[in-house]
Protein chains: 2
Amino acid sequence: MAVTIKDVARVAGVSASTVTRALTMPELVHPETRERVRRTAVTLGYHPNRAARGLITGRTGNIGLLVPDLGNPFFPSVVKGVQARAHEADYAVFLADTDEDATAEAGLVRRLSKQVDGIVLCSPRMPDEELRTLVADTPVVLVNRRIAKVPSVTPEFPDAMRQAVSHLTALGHRRIAYVAGPRSAWANRERLRSLRALTKDIELIEIGNVMPMFEGGVAAADQVLAADVTAVIGYNDLVALGLLNRFMARGVAVPGDISVLGFDDIALAAMVHPSLTTVALPKEQAGRAGVDLLLQLLTEPDRSTAARRELPAQLMVRGSTGPTPA
Amino acid sequence: MAVTIKDVARVAGVSASTVTRALTMPELVHPETRERVRRTAVTLGYHPNRAARGLITGRTGNIGLLVPDLGNPFFPSVVKGVQARAHEADYAVFLADTDEDATAEAGLVRRLSKQVDGIVLCSPRMPDEELRTLVADTPVVLVNRRIAKVPSVTPEFPDAMRQAVSHLTALGHRRIAYVAGPRSAWANRERLRSLRALTKDIELIEIGNVMPMFEGGVAAADQVLAADVTAVIGYNDLVALGLLNRFMARGVAVPGDISVLGFDDIALAAMVHPSLTTVALPKEQAGRAGVDLLLQLLTEPDRSTAARRELPAQLMVRGSTGPTPA
DNA sequence: CATCTATCCGAAATGGATTTCAGACTGGCC
DNA sequence: GGCCAGTCTGAAATCCATTTCGGATAGATG
């Protein structure tokens with residue numbers, strides 16, 4: 001049915017080997033032959049069978065991408081970045097969504113690993129040691145997670161948190177709540193660590209943990225109000241939006257009575273009223289960088305095991321933060 | 001490096017053929033042998049090389065999924081459904097995002113088609129005739145689009161629109177604007193068609209077309225206000241949210257001065273204030289149904305070319321619609 | 001003119017699983 | 001005992017592209 005290399009060979013009057021060479025190692029074949037082969041390949045509509053190629057080269061031309069939850073707009077953005085960069089490099093992308101199930105991650109990785117050259121693991125929830133055994137078998141790049149000897153792309157969390165807290169303290173806030181996300185999320189641990197490092201400037205009330213979703217924020221809102229703070233930082237924008245929503249329902253003015261600050265800068269943050277002040281984390285850019293590191297890992301495995309890219313974050317001041325109430 | 005069928009064969013003391021049979025056509029081998037083979041396969045951690053299998057069977061065990069824009073929360077939901085169902089059936093999913101570029105679609109499909117058994121095309125923007133030539137080469141199922149002789153999954157648009165309009169007329173609205181989405185979107189054409197069929201009950205003002213995004217809604221908002229209507233239906237929730245946002249900025253009360261209604265029921269719709277009345281379209285469910293049809297198409301190509309599944313829509317009444325102003 | 005060196009190309013081996021075909025063995029039946 | 005059918009298994013062919021190895025040709029050199 002499909003056009004094979006033999007068809008091209010026959011029509012072009014050469015052997016299969018020559019066809020391969022003409023297409024993948026052009027300098028090895030006579031210019032004239034090369035052109036003839038290429039033209040017939042085009043006219044016949046020949047595309048090498050990837051399974052056959054993969055069989056012999058051991059490469060698939062695919063990469064895998066694992067995310068915890070596509071329902072969180074943060075991840076589709078990362079996915080877009082991964083896609084874009086992967087397609088540029090002529091790789092196709094396998095996507096899998098774990099539904100925030102840490103125990104499903106390893107299985108999915110192992111399953112994907114047979115059909116891809118490498119995997120971008122975005123915000124994996126599994127424990128360090130499990131992760132470490134995984135990367136022993138498969139080329140893996142981490143996005144939004146960092147462990148020793150594995151290439152990773154992460155935001156500059158300490159700086160991100162510094163920007164957030166500086167903004168709040170500049171507005172007069174001293175007693176600030178943090179609504180924590182999943183304990184298993186590295187990003188949560190890092191945010192917390194960065195935040196605790198700043199307690200010389202502020203008094204920190206930790207609330208949670210909650211799921212990194214709108215409902216998580218709604219669930220934590222009343223505890224935040226009971227904690228008698230003037231500002232609250234949500235684990236991410238969805239949590240912050242949940243807070244906003246519940247505050248509004250209880251008649252608490254934002255930012256009049258309390259300031260709310262999120263993380264991520266999902267598109268949604270600018271769409272609501274009041275719009276959400278948030279720390280924009282690299283998303284598409286992180287996805288692209290993840291693929292970059294992965295491709296590098298695939299081509300020079302030794303040199304890049306420790307490659308690490310930290311991308312800057314940017315505070316986006318919007319309507320949900322303001323001066324402390326008088 | 002990896003465990004091959006030969007390793008299993010050697011250890012189990014049988015031939016490679018027997019290993020295959022024990023694993024894929026169990027009834028053909030002696031129960032005792034079968035068990036021995038299976039156990040050694042497990043202990044050795046054998047997994048058949050998919051490239052090799054694909055080479056001979058012509059099947060990849062993969063399906064492709066094409067969506068216009070992951071940035072629109074509608075699509076990640078569909079993706080989740082596709083993923084879930086595909087994984088149940090032991091298929092992996094290639095995802096590609098076209099960035100709302102109709103001209104990129106065909107190329108991506110063709111590229112994907114080599115490495116998948118079939119493709120779920122979600123809300124494709126390309127013209128009918130182009131689509132028709134594509135489906136000649138590749139098993140394709142359409143989600144959110146319908147053309148003759150191609151299996152498709154669509155919402156019950158006429159009923160969806162009927163629910164929307166009934167709701168608005170019950171509230172007293174008679175002069176209603178529709179902010180149209182992309183002309184190339186089949187869903188837009190269907191919404192418009194269903195809407196025009198209802199003009200005996202209402203006076204319809206058509207505005208647009210706009211991109212199916214928040215910005216599109218913002219851009220159309222002032223035209224809506226100038227049109228002197230008491231209610232507006234957005235092409236989708238993002239457009240409706242854009243309208244809401246701009247109305248608020250201009251001091252127009254929703255639903256006091258104007259009612260706003262969207263389509264899709266993305267998670268966001270319930271998170272904003274006022275929350276958005278919208279017609280919930282099947283999303284995950286549509287994704288699952290799309291995979292179902294595709295698997296059916298792959299197993300019995302003839303019987304199912306015209307398979308068509310229409311899924312019900314449900315009006316979600318929330319805060320953005322109310323009685324006409326007095 | 002003989003020898004050597006590039007340059008270019010083809011034949012054959014390769015990768016791993018599946019499928020076809022044929023052989024070995026068992027049991028049943030005449 | 002001989003033949004047949006049925007059951008189970010192995011050898012070999014197959015899928016397609018790539019890679020290795022060696023052969024052929026042309027040109028260069030002494």
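Please read these numbers as outputs of a predicted model, since none were measured by experiment. By convention in this document, chain letters (A, B, ...) are assigned in the order of the sequence lines, proteins followed by strands, and residues within each chain are numbered from 1.
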**Asked** Which nucleotide sits closest to the side chain of A:Ser17: D:dA17, C:dG15, C:dA11?
**Response** C:dA11
**Message:** Measuring only between side-chain heavy atoms, which start at C-beta, is A:Leu65 closer than 4.5 Å to B:Leu95?
**Reply:** no
**Asked** Tell me: CD1 of A:Ile5 to P of D:dC16, nearest whole Å?
**Response** 11 Å
**Request:** Would you check if the side chain of B:Glu105 reaches a backbone N or O of B:Thr98 as a donor-acceptor pair within less than 3.5 Å?
**Result:** no
**Request:** Take the protein atom CZ of A:Arg50 and the nucleotide atom P of C:dG16, then report the distance between them rounded to whole Å.
**Result:** 20 Å
**Asked** Quick one: the side chain of B:Thr4 and the base of C:dA17, do they pair up donor-acceptor inside 3.5 Å?
**Response** no
**Selection from D:dA17, C:dA17, C:dG16 that lies nearest to any side-chain heavy atom of A:Tyr46** = D:dA17
**Request:** Ignoring backbone atoms, establish whether B:Thr24 has a side-chain N or O less than 4.0 Å from OP1 or OP2 of C:dT18.
**Result:** no
**Message:** Looking at B:Thr57 and C:dA17, is any side-chain donor or acceptor paired with a base atom of the opposite kind under 3.5 Å?
**Reply:** no
**Separation of atom CD1 in B:Ile56 from atom P in D:dA12, rounded to whole Å** = 16 Å
**Message:** What is the separation between atom CG on A:Asn49 and atom P on D:dT18, rounded to the nearest whole Å?
**Reply:** 9 Å
**Message:** Tell me the interatomic distance from A:Leu55, atom CG, to C:dA13, atom P, rounded to whole angstroms.
**Reply:** 17 Å
**Complete:** From CZ of B:Arg59 across to P of C:dG16 the rounded distance in Å is 24 Å
**Message:** Donor-acceptor pair, distance only, cut-off 3.5 Å: does the side chain of B:Arg145 make one with the backbone of B:Pro124?
**Reply:** yes
**Item:** Earlier contact from the 5' end, DNA chain C, for B:His47 and B:Arg21
**Value:** B:His47
**Request:** Kindly check if the number of other-residue, nucleotide or ligand heavy atoms within 6.0 Å of CD (B:Glu32) is above 12?
**Result:** no
**Message:** Rounded to whole Å, how long is the line connecting atom CZ of B:Arg53 with atom C1' of D:dT14?
**Reply:** 16 Å
**Fill in**
Taken to the nearest whole Å, NZ/B:Lys6 to P/C:dT14 is 9 Å
**Prompt:** Got more than 12 heavy atoms from elsewhere within 6.0 Å of CZ, A:Arg183?
**Reply:** no
**Complete:** Result for 5'-nearest mapping on DNA chain D, choosing between B:Ala52 and B:Arg36, is B:Arg36
**Request:** Give A:Val14 one of three labels, base, sugar-phosphate or nothing, depending on what nucleic acid heavy atoms sit under 4.0 Å from its own.
**Result:** sugar-phosphate
**Message:** From C-beta outward on B:Thr18, which listed nucleotide comes closest to its side chain: C:dG16, D:dA17, D:dT9?
**Reply:** D:dT9
